[in-house]
Amino acid sequence: MTATFVGMPAFPVAAREALADTQLRHNLTHATHTIRDKRARVVAEVPDWEELRQAGADLKDATLARLDVHLEQLEASLVARGAVVHWARDAAEACAVVAEVARAHGVDEVVKVKSMATQEIGLNEALAAEGIAAWETDLAELIVQLGDDLPSHILVPAIHRNRAEIREIFRTKMAASGRAAPDDLTDDPGELANAARLHLREKFLRAKVGVSGANFAVAETGTLVVVESEGNGRMCLTLPEVLVSVVGIEKVVSSWDDLDVFLRLLPRSSTGERMNPYTSMWHGVTPGDGPQEVHVVLLDNGRTRALADRVGRQALRCIRCSACLNVCPVYERVGGHAYGSVYPGPIGAILNPLLRGVGEDAQVDSLPYASTLCGACYEVCPVKIDIPAVLVDLRAQVVDSHRDDRRPKAEAVAMRSAAWTLSSSRRLARAERGSGLGGRWLVRLARLPGPGARWTSARDLPTPPRESFRAWWRRTRGPRS
Ligand code: SF4
C-alpha cells in the first residue's frame, strides 16, 4: 500500500510515458468502448433523458446555492438518529477522525467500501502510518491495492489491467494479506471473482470497523446512500460494529424526491445499467441491526473554494458516474494515471484545480490543458456540467496566476512579443516579411528526412504566400493616404 499520486509529473510528461504503453492503450480502448456503447443503448431507452439531465443539473444548483442550510439540516437529522457528526476542513482533519475512531476501538484493521472521498484524502496511507490496515473490498480496488498500483478510472479503478495481469496479481499477492488464491487459478472472470470473494469474506467477518463514503446524503432524513454493483458495500455497511462514513459536503441532496432523479441518472450513466444491483441506505443507528456506532465526517477539502468559483462551481454537481472519461479521446489514449489524481479524465482536469487552486503546483496547472475541448464530456454528462467552458476559464486562471512570475513562461513571452509586434504597423510589416521567408525555409526543411518530415507526416505545414495581404493591398491599391 505504498503507491501514491504525490510527486507525479505534469500531464504532458506523464501522458508521453503512458502513450508509449501499447498494452495500456489496448486495454483502455476495449474497456471504454464497451462501457460507452452500453451506456448509449440504455440512455436511448429513456424518452425524457434530456429533461432528466436538466432536472439533475437544476436540483444540484439549487442545493449548492443554499448548501449551508442543507448541511445544517443534514447534521441535525443525523444526530437525531444517533450518528456522531464531524466536520473536516481538510484531508488531515478527516483522516484524524477516522484514525481516532479506529484507535478508540483498539483495532489494527478496517474494511472499506470503494469511496472517492477517502482516496482523495489519502486515508489508507494515513491509517497505515498509525499502524492500521485499510482493506479495500471493491473488486477493482482490491486489484489495485494488491498490485501496489494506483486507480486509473473513477468507476473501474483497475481498467488498465487485463485478466491475465489480474490473475498474476492474485496468485502472487493475495497470500500476504489473507486467504491465498488457489494454485490452479485461471484468468476466467468467474474464477477471479470467486477468489476475491473468498479472500474478502474473511475480512468482512472479522472487521470491527467499516469505512465508507456516500453517493448521496439526504438532508431531510439524514439518510446516506451508497450505490454499488458487487454487494461488498452492503457487507461493509452492515457487518462491522462501527461505521465511519466520509462524505464530501457537495453530496447533500435536499429530499427523497431529489434523490429519485439522481438514482435514475446514475446507473445508466455509469455502468450502463437500468438499475444498479445494490442501493444501500442507512441513517444513524438502528438498535440491534447493523453498526451500533455511526460516525459521519462531512468533508470540505477545497469544496468551498470550488463553490466560490463562479464558472467552476458547476463541477460540484458531479455524481461521479465516469461517463465523461469513457468518451474522452485524451483519456482513451493516456489512461488515468497521467492525470496524477484519483479524479482522472475530463472531470479530474477541472475538479483537481478547483479543489486545490491554481498557480501553486505545475502538475495541477497542467490539467486544464489536458483536453481537446471537443465537448464530448458535456454531451454525456448526466448533470450537464459544461466541462469545456470550465477548462477554458481555468486556463485563463492559470495564465493570470503566473503573470508576475520572475521567469515568465514561454507562452507569456510569445504573447508579449506578439503584442509588441502588433502594436506597430511597421513592425508588423517587417514580421510578415520575416515570417514569410522563414516559413518557406521551414517547409523545405520539413521535406528532408528527419524530425521535420516525421512531424509533418500527420500534419499540414502550408507554404506561406510570397506576398502578404497587406503588401498586396499596398501594391494594388496604393499606400493609405
Ligand atoms: S462530470 Fe458528469 S459525466 Fe463526468 S463523472 Fe461527473 S457526472 Fe459523470
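Since the model is a prediction, treat every value here as computed from it, not as a measurement. Residues: numbered from 1 along the sequence shown. Both ligands and their constituent atoms are indexed starting at 1 by order of listing.
Taking the ring pair (Phe, Tyr, Trp, His ring centres under 6.0 Å) definition, one finds that Tyr343 meets it with nothing, sequence neighbours left out.
Salt bridge status for Glu332 with Arg25: absent, with no side-chain N to carboxylate O gap under 4.0 Å. Salt bridge absent: Glu293 and Lys208 never bring a charged side-chain N and a carboxylate O closer than 4.0 Å.
Given atom 7 (S) of ligand 1, the protein heavy atom at minimum distance is Ile319 N, 3.5 Å.
A donor and an acceptor atom, one from each side chain of Thr223 and His283, are located under 3.5 Å apart.
For residues 309-319, the pairs satisfying side-chain hydrogen bond (donor to acceptor under 3.5 Å, both in side chains) are Asp61-Arg317, Asp309-Gln397, with sequence neighbours left out. For residues 8-53, every residue pair satisfying the ring-ring contact (aromatic ring centres under 6.0 Å, His included) rule, not counting sequence neighbours, is listed here: Phe11-Tyr339.
Legend: protein N/O/S atoms lying under 2.8 Å from atom 4 (Fe) of ligand 1, waters omitted, number 1.
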